[in-house]
Number of protein chains: 2
Amino acid sequence: MVAKQHKGAPDEADLTRADSLAREIFSDIANKWAFLIIESLGEGTLRFSALRNAVEGISHKMLTQNLRMLERNGLVERNVHPTVPPRVEYTLTEPGQALRATVDGMCDWTHRYLGDIEVSRRRFDT
Amino acid sequence: MVAKQHKGAPDEADLTRADSLAREIFSDIANKWAFLIIESLGEGTLRFSALRNAVEGISHKMLTQNLRMLERNGLVERNVHPTVPPRVEYTLTEPGQALRATVDGMCDWTHRYLGDIEVSRRRFDT
DNA sequence: CCGAATCCTCAGCGATACTG
DNA sequence: CAGTATCGCTGAGGATTCGG
């Protein structure tokens with residue numbers, strides 16, 4: 001359970017610490033760009049520019065920013081090849097791959113219910 | 001695949017329309033509050049105020065806003081009991097329940113890798 | 001109790017330019 | 001090619017209020 005941070009439970013100190021950390025991680029990762037990046041890296045290693053093309057519509061800034069965040073949380077690994085021009089490659093780590101599985105689930109879900117959603121939207125917008 | 005919107009594929013018109021719709025839905029739903037709301041509603045029906053308590057830290061405005069969005073996309077059902085004071089209950093629909101499964105997966109993931117992430121963060125922050 | 005509207009603020013984000 | 005920094009703006013989102 002991530003939504004509610006328990007208060008007054010026994011063994012409180014550690015529980016709430018874990019919960020607030022979980023919540024923090026959740027807030028980091030539950031964002032559109034992070035998901036799309038993870039999705040794209042699922043196929044395999046990509047370099048920065050390739051990733052930029054893979055994730056339609058992302059800006060240079062958002063890409064670096066999210067990559068740093070994902071790297072910090074240990075979801076992607078960053079490999080710099082000290083050539084010129086520089087070549088930087090990004091790969092999913094094992095935790096990243098694990099998360100990818102659930103992100104894939106979300107993509108499947110989206111395609112599965114696409115029609116229903118479209119219908120529901122039209123009903124609502126009246 | 002949601003990340004990249006294919007261009008120049010055969011049968012292009014419908015594919016890109018579906019993709020852009022998928023992308024739009026993805027952008028709607030892949031946000032922190034939506035996930036937390038879905039998580040909380042997984043337990044069962046909740047009324048507005050209960051939901052507000054369940055989702056720690058959400059503002060009145062964000063809650064209504066996300067609930068409207070989820071309702072529009074057909075993930076939650078809104079039931080108004082015409083009593084006084086009013087009583088409004090929210091429930092996950094079948095598509096909502098289906099998505100909840102993957103959101104649960106993400107919660108499990110979070111708790112599973114909590115330790116690794118904490119370590120990774122400390123390494124990174126130096 | 002629930003929802004919509006209004007105001008106001010601050011951070012997210014894009015654009016641009018500069019380093020290695 | 002990849003990353004960082006700066007600037008400026010739009011809009012997300014909190015606080016508050018009123019209405020049903």
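Just so it is clear, the model here is predicted, and its values are computed rather than measured. First the proteins, then the strands, lettered A, B, ... as listed; each starts at 1.
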Query raised in the report: Whole Å only: how far is the NZ atom of B/Lys32 from the C1' atom of C/dG12?
Result: 14 Å
Query raised in the report: For C/dC2, does either OP1 or OP2 sit under 4.0 Å from a side-chain N or O belonging to B/Arg47?
Result: yes
Query raised in the report: How many Å lie between CH2 on A/Trp33 and C1' on C/dG14, as a whole number?
Result: 12 Å
Query - Interatomic distance, A/Gln65 CD vs D/dA2 P [rounded to whole Å] - result: 18 Å
Query raised in the report: Is a donor-acceptor pair below 3.5 Å formed from side chain A/His60 to base C/dG14, judging by atom type as modelled?
Result: no
Report task. Test B/His111 against A/Phe26 for ring pair (Phe, Tyr, Trp, His ring centres under 6.0 Å), laying out the working first. Result -> CA-CA 10 Å; B/His111 287 112; A/Phe26 209 81; 9.2 Å; no
Report task. Just do the side-chain hydrogen bond (donor to acceptor under 3.5 Å, both in side chains) check on B/Asn73 and A/Asp116 with the steps written out, would you? Result -> CA-CA 8 Å; B/Asn73 289 312; A/Asp116 299 280; over 6 Å; no
Query raised in the report: Does B/Ser49 have a side-chain nitrogen or oxygen under 4.0 Å from the phosphate oxygens OP1 or OP2 of C/dC2?
Result: yes
Requested in this report: Between C/dG3, D/dG3, C/dG14, spot the one nearest the side chain of A/Phe48, thanks.
Outcome: D/dG3
Report task. Ignoring backbone atoms, establish whether B/Arg68 has a side-chain N or O less than 4.0 Å from OP1 or OP2 of C/dG3. Result -> yes
Requested in this report: Calculate the interatomic distance between B/His81 atom NE2 and C/dC2 atom C1'; express it in whole Å.
Outcome: 13 Å
Query raised in the report: Between B/Lys61 and B/Pro86, which has a closest nucleotide on DNA chain C that is more 5'?
Result: B/Pro86
Report summary line: B/Asn66 CG to C/dG3 C1', in whole Å, measures 15 Å
Query raised in the report: Counting just side-chain N and O atoms, does B/Tyr90 come under 4.0 Å of either OP1 or OP2 of C/dC1?
Result: no
Query raised in the report: Is the backbone of A/Gly105 close enough, under 3.5 Å, to the side chain of A/Thr102 for a donor and an acceptor to pair up by distance?
Result: no
**Report entry** Minimum-distance nucleotide to B/Met62 side chain [options: D/dG3, C/dG3, D/dG14]
**Finding:** D/dG14
Query - Gap separating the CG atom of A/Asn79 from the CZ atom of A/Arg87, nearest 0.5 angstrom - result: 11.0 Å
Query raised in the report: Between B/Arg100 and B/Gly42, which heavy-atom pair has the shortest distance, and what is it?
Result: CD-CA, 3.0 Å
Query raised in the report: Is any side-chain nitrogen or oxygen of B/Thr64 closer than 4.0 Å to OP1 or OP2 of C/dC2?
Result: no
Query raised in the report: Taking atom P of C/dA4 as reference, at what distance in whole Å does atom CG of B/Leu67 sit?
Result: 11 Å
Report summary line: Rounded to whole Å, CZ of B/Arg78 lies from C1' of C/dA4 at a distance of 11 Å
Report summary line: Here the distance between atom P of D/dA15 and atom CG of B/Leu63, to the nearest Å, is 14 Å
**Report entry** Phosphate OP1/OP2 of D/dA2 contacted by A/Arg52 side-chain N/O (<4.0 Å)
**Finding:** no
